[in-house]
Engineer: 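One structure coming up, written as C-alpha cells, with questions to follow.
What you see is a predicted model; the values in this text were computed from it and never measured.
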Amino acid sequence: MKIIGQDGLVVESTFEEELGRNALRHTASHILAQAVKRLYPETKLAIGPWIKDGFYYDFDRETPFTEDDLTKLEAEMKKITKENLKMQRYTLPREEAIKFMEEQGEPYKVELIKDLPEDAELSFFKQGEFTDLCAGPHLTYTSAVKAFKLTSVTGAYWRGNEKNKMLCRIYGTAFAKKDELEKYLADVEEARKRDHNKLGRELEFFTTVDSIGQGLPILLPKGARVIQLLQRWIEDEEQKRGYLLTKTPLMAKRELYKISGHWDHYRDGMFILGDPDDENAECFALRPMTCPFQYQVFLNKKRSYRELPMRLGETSTLFRNEDSGEMHGLIRVRQFTISEGHLVLRPDQLEEEFKGCLELAKYCLDTLGLLEDCTFRFSQWDPNRTDKYEGTPEQWNEAQEIMGRLLDENGIQYEIGIDEAAFYGPKLDIQCKNVFGKEDTIVTIQIDMLLAKKFGMEYVDSNNTLVNPYIIHRTSMGCYERTLALLIEKYAGALPLWMSPTQVKVITITDRVNEYAASVNEALKAVGVRSELDARAESANYKIRGAQLEKIPYMLVIGDKEVENGTVSVRTRDGKNLGALSVDDFIAKALKEIATKAR
C-alpha cells in the first residue's frame, strides 16, 4: 500500500505493519465522514481517528444517527471507494486555516486549530469534494479501502468532557482483505455472546436499575453466591498465609484523607458528604480505598520489630466517583468489593513479602483460569509532574529500583507505564483482557515508603530505635465484581463446578420417582453440594434443556430404572451422557472436582 505520511512523503507499507494498518483505517474514517456530509450535509464534523481495532468519527447532528443509518452510510462509502478519489495533502497558514473551516461551517475544527500551538503545521487532506483537517497518515486513493464495516453508533462527549455537548459517534473497522474482515466480525459476534453485560443479565447474575443509579449493580442470588464463594476462598487462603482479618468503616472525616494525601490527590474521585470547602463544618467521604483505615490497626498500640511483618487483609467495600461514560456492567462500577490488604514490614522483609504477594496473586488468578489472559505493567511516576506525587526523586528512584529488581528476579515479563503510579509509590498492575480485548487492572501490588511517616507509624527496632516501616498495598484477586464479569466472559457463563451457583440439578422423569429423587437431592446437599430438585410435571428433555441453558454443570436424571438400581443417570451441560453411577460414586466424583477446583 502507498501511504502519505504525516510528513507528506509517500512510502510503502503493508496492513501487517502498524503504519499501514493505521493509515487504512484512518482513510476509512475520512470516507465515512465524506459519506455523512453527502447524505446529511448539515452535520458538523468533530474528530475521526483510527483506534486499535478500527476507527470512529464523532459528528454533531440535530437528529442522532441510528443503526438504520449505518446501512445507508456503508452504501455511500462503497460508492466513494469505487470513485477511486485521490488523497491530496496540503498545508495552510493558521489564519487561512481558521477562515477556511469557518467558511465550511465546521466550528469543532476551528476550535481544534485555535488550540494547536502557534507554530504547529496545519495540514489538510482532500478527497474529491471533501476536505478535513488532519495530520495523517492516509492511503493515496480511496479505492485501496476494500473491506470495511460500520459496527455501532453511540454517544460521546466532545473531547471526552461530560460538561461539553454530547456528539454522535460512529464506530467501524477496516481490513486489507474481505476474509480478514469476516473473521474479525465473527470473533466480535462471539465476544458479544460472551459479553458479561449481556450474558450476566440473561443468566440472572446481576441487574441494574435506573432509579438506583449508574455503576451501582444489583447482584442477584446467582451472582451474590459466586462472590460469596470467592470471598470465603480468598479469606481462608489469606488466613493460611498469615493474614489478620480486619473490618473498618465505610467512611471517614476529611481529616483522615488529608493525612494520607487522598484529599489533595484523589478528591474528585470521592463521594463527599457535606461541604468540602467549609472547614468549620463536619465533612465525611466514602472511602475510595482502605489503607488509611487499616493503618489504625498498626497504630492501636506500640509495636516491636518482632511483630513484623503484619499482614492485614479485608474484604473492603469501596466507592469511587467514576465518570458516567466509563461505566460498564460489572467491570467498572462506582461501588465495588475488593480483596484488599496492607503489609507493614521492616525494610529487610520487603523482598520476601513482595514475592509472597506476587505468588498469592498468581495462584488466585491461575486457579480462576484468568492468569493466561493477563499481562504485567510496572507503573512508575513521571518526574516531570512532581505536583501529582508525594515524596522526593530519591525516594521514588529507590522504590522503583527495588520493585524493578524484584520483578526481574521473579521472572516477570512486564511493560512500563510512565505516569501511572499511585501518588505515594510505584505499583505492579496485573491487567486482564475482557472479551473485546480491552485491558483492565485486576490485581495491584504497590510499594510504599511514604505514608507510614505521614501517619506516624513507627516500630521499635533491635537497637531500641523508632523506625518507620515500609508498606505493601496489594490485592490478592482484586475487585470481586470485575472478577465475576471476567469469569462469565471466560467461561461463557459455564463456570467451573466449584464456583457454580447451582452445581447439580436432579431431574425426574415421572412422578413415581419423586421420593427417591428428593432423597438424592438431600444426600447431595448434606455433603455441601449445591443441588436443586426439578420435579415439575414437564418432560425430562424439557427440564434437561432448561438446566443446560442455565449452565448447570451436572444433571442427574432419575426414572424407574434408576430407582430400581439405586443409581442416577449423569449428564453434563455440554450434552455428554456419562451413564449410570451410584449416588455415592457421583458424590465422590463431584467432591473431588470441587476440592481440586478443576476447570
Engineer: Decide, yes or no, whether a salt bridge links Glu409 with Lys355 under the criterion of side-chain N to carboxylate O below 4.0 Å.
Structural biologist: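 No, this pair does not count.
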Engineer: Is it true that Glu532 and Lys505 make a salt bridge, defined as a side-chain N closer than 4.0 Å to a carboxylate O?
Structural biologist: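 Yes, this pair counts.
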Engineer: Is a side-chain donor-acceptor pair under 3.5 Å present for Thr502 with Arg225?
Structural biologist: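 On atom types as modelled, these side chains do not qualify, holding no pair under 3.5 Å.
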Engineer: Are Gln294 and Thr246 close enough that a side-chain donor and a side-chain acceptor fall under 3.5 Å?
Structural biologist: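 Distance-only check passes for Gln294 and Thr246.
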Engineer: Taking the basic N atoms (NZ, or NE/NH1/NH2) and the acidic carboxylate oxygens, is any pair closer than 4.0 Å for Lys438 and Asp440?
Structural biologist: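 A salt bridge links Lys438 with Asp440.
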Engineer: So for atom NZ, which belongs to Lys597, do other residues, nucleotides or ligands contribute more than 12 heavy atoms lying within a distance under 6.0 Å?
Structural biologist: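 More than 12 heavy atoms, drawn from other residues, nucleotides or ligands, come within 6.0 Å of this atom.
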Engineer: Closer than 4.0 angstrom, basic N to acidic O: yes or no for Asp534 and Arg536?
Structural biologist: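 Between Arg536 and Asp534 there is a salt bridge, with a charged N closer than 4.0 Å to a carboxylate O.
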Engineer: Side-chain donor-acceptor pair under 3.5 Å between Ser531 and Asn521, yes or no?
Structural biologist: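 Yes, a side-chain donor-acceptor pair sits under 3.5 Å.
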Engineer: Would you check if there is a donor-acceptor pair between the side chains of Asn541 and Arg545 at a distance under 3.5 Å?
Structural biologist: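 Their side chains do not contain a donor-acceptor pair, so the 3.5 Å distance test is not met.
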Engineer: Hey, is CD on Glu162 packed in by over 12 heavy atoms from elsewhere, all under 6.0 Å?
Structural biologist: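 Above 12, so yes.
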Engineer: Taking atom types as modelled, is there a side-chain donor on Ser582 or Asp584 under 3.5 Å from an acceptor on the other?
Structural biologist: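 No, no side-chain donor-acceptor pair sits under 3.5 Å.
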Engineer: Is it the case that over 12 heavy atoms from other parts of the model lie below 6.0 angstrom from the CD atom of Glu352?
Structural biologist: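 No, the 6.0 Å shell around CD holds no more than 12 heavy atoms from other groups.
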Engineer: Establish, from distance only, whether the side-chain atoms of Thr508 and Lys543 form a donor-acceptor pair under 3.5 Å.
Structural biologist: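 On atom types as modelled, these side chains qualify, holding a pair under 3.5 Å.
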Engineer: Please determine whether a side-chain nitrogen of the Lys or Arg among Glu17 and Arg21 lies less than 4.0 Å from a carboxylate oxygen of the Asp or Glu.
Structural biologist: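 No salt bridge links Glu17 with Arg21.
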Engineer: Taking all atoms of both residues into account, what is the closest heavy-atom pair of Gly493 and Leu203, and its distance?
Structural biologist: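 Taking Gly493 first and Leu203 second, the nearest heavy atoms are CA-CD1, 3.7 Å.
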Engineer: Salt-bridge test for Glu322 and Arg332: reply yes if a basic N is under 4.0 Å from a carboxylate O, no otherwise.
Structural biologist: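 Salt bridge between Glu322 and Arg332, a charged N being under 4.0 Å from a carboxylate O: yes.
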Engineer: Taking the six-membered ring for Trp, are the ring centroids of Tyr171 and Tyr56 within less than 6.0 Å of each other?
Structural biologist: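 Under 6.0 Å, so yes.
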Engineer: Inspect the contact between Asp187 and Lys183 and indicate whether a charged nitrogen and a carboxylate oxygen are less than 4.0 angstrom apart.
Structural biologist: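 Counted as a salt bridge, because a side-chain N and a carboxylate O are separated by less than 4.0 Å.
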Engineer: Check Arg474 with Glu238, please: is the shortest side-chain N to carboxylate O separation under 4.0 Å?
Structural biologist: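 Looking at Arg474 together with Glu238, the answer is yes, because their closest N to O distance falls below 4.0 Å.
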Engineer: May I ask you to decide whether Lys490 forms a salt bridge with Glu372, counting only side-chain N to carboxylate O separations under 4.0 Å?
Structural biologist: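 Yes, charged N to carboxylate O under 4.0 Å.
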Engineer: Below 4.0 angstrom, N of the basic side chain to O of the carboxylate: do Glu415 and Arg377 qualify?
Structural biologist: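 Salt bridge present between Glu415 and Arg377.
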Engineer: Of all heavy-atom pairs between Thr444 and Gln446, which one has the smallest distance, and what is that distance?
Structural biologist: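 Where Thr444 meets Gln446 most closely, the heavy atoms are CG2-NE2, 3.3 Å.
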Engineer: Do the charged groups of Glu314 and Arg287 touch, with an N to O distance under 4.0 Å?
Structural biologist: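 The answer is yes: the pair qualifies as a salt bridge.
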Engineer: For Lys525 and Glu522, what are the C-alpha separation, side-chain angles and deciding distance, and is it a salt bridge (charged side-chain N to carboxylate O under 4.0 Å, His left out)?
Structural biologist: CA-CA 5 Å; Lys525 293 197 291 186; Glu522 290 304 315; 3.4 Å; yes
Engineer: Run the ring-centre check on Phe586 versus Tyr554 and record whether the distance is less than 6.0 Å.
Structural biologist: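 Yes: the rings meet the under 6.0 Å criterion.
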Engineer: Any luck finding a side-chain donor-acceptor pair between Thr441 and Gln431 under 3.5 Å?
Structural biologist: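 Per modelled atom types, Thr441 and Gln431 side chains form a pair under 3.5 Å.
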Engineer: Take atom CD in Glu18; do more than 12 heavy atoms of anything else shown fall under 6.0 Å from it?
Structural biologist: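 No, the 6.0 Å shell around CD holds no more than 12 heavy atoms from other groups.
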Engineer: Only one of Glu202, Glu204, Glu550 forms a salt bridge (Lys or Arg N to Asp or Glu O under 4.0 Å) with Lys222, so which one is it?
Structural biologist: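 Testing Lys222 for a salt bridge (Lys or Arg N to Asp or Glu O under 4.0 Å) against Glu202, Glu204, Glu550 leaves exactly one candidate, Glu550.
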Engineer: Once the angle between the rings of Tyr414 and Phe378 is folded into 0 to 90°, is it parallel (under 30°), tilted (30 to 60°) or perpendicular (over 60°)?
Structural biologist: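 Tyr414 vs Phe378 ring planes: perpendicular.
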Engineer: Please say whether the positively charged group of Arg334, taken as NZ for Lys or CZ for Arg, lies over the ring of Phe319, i.e. under 6.0 angstrom from the six-membered ring centre and within 45 degrees of the axis.
Structural biologist: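 The answer is no, since Arg334 fails at least one limit relative to Phe319.
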Engineer: Kindly indicate whether a cation-pi arrangement holds for Arg241 with Tyr363, taking the cut-offs as under 6.0 Å to the six-membered ring centre and within 45° of the axis.
Structural biologist: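 Cation-pi check for Arg241 and Tyr363: passes.
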Engineer: Could you tell me whether Arg169 sits above the aromatic face of Phe65, with NZ or CZ closer than 6.0 angstrom to the six-membered ring centre and within 45 degrees of the axis?
Structural biologist: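 No.
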Engineer: Check each of Thr248, Thr317, Thr290 against Glu340 using the side chain to side chain donor-acceptor pair (under 3.5 Å) test, and report the only one that passes.
Structural biologist: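 So, applying the side chain to side chain donor-acceptor pair (under 3.5 Å) to Glu340 and each of Thr248, Thr317, Thr290, only Thr290 qualifies.
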Engineer: Quick check on the 6.0 Å ring-centre criterion: do Tyr480 and Phe336 meet it?
Structural biologist: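 Centroid separation for Tyr480 and Phe336: 6.0 Å or greater.
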Engineer: Tell me yes or no: between the side chains of Glu235 and Thr315, is some donor less than 3.5 Å from an acceptor?
Structural biologist: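 Their side chains do contain a donor-acceptor pair, which is all the 3.5 Å distance test asks for.
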Engineer: Would you call Glu74-Lys149 a salt bridge at under 4.0 Å N-O?
Structural biologist: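 Salt bridge flag = yes for Lys149 with Glu74.
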Engineer: Please work out whether the ring planes of Trp233 and Trp498 are parallel, tilted or perpendicular, with thresholds of 30° and 60°.
Structural biologist: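 Ring orientation, 0 to 90° scale: perpendicular.
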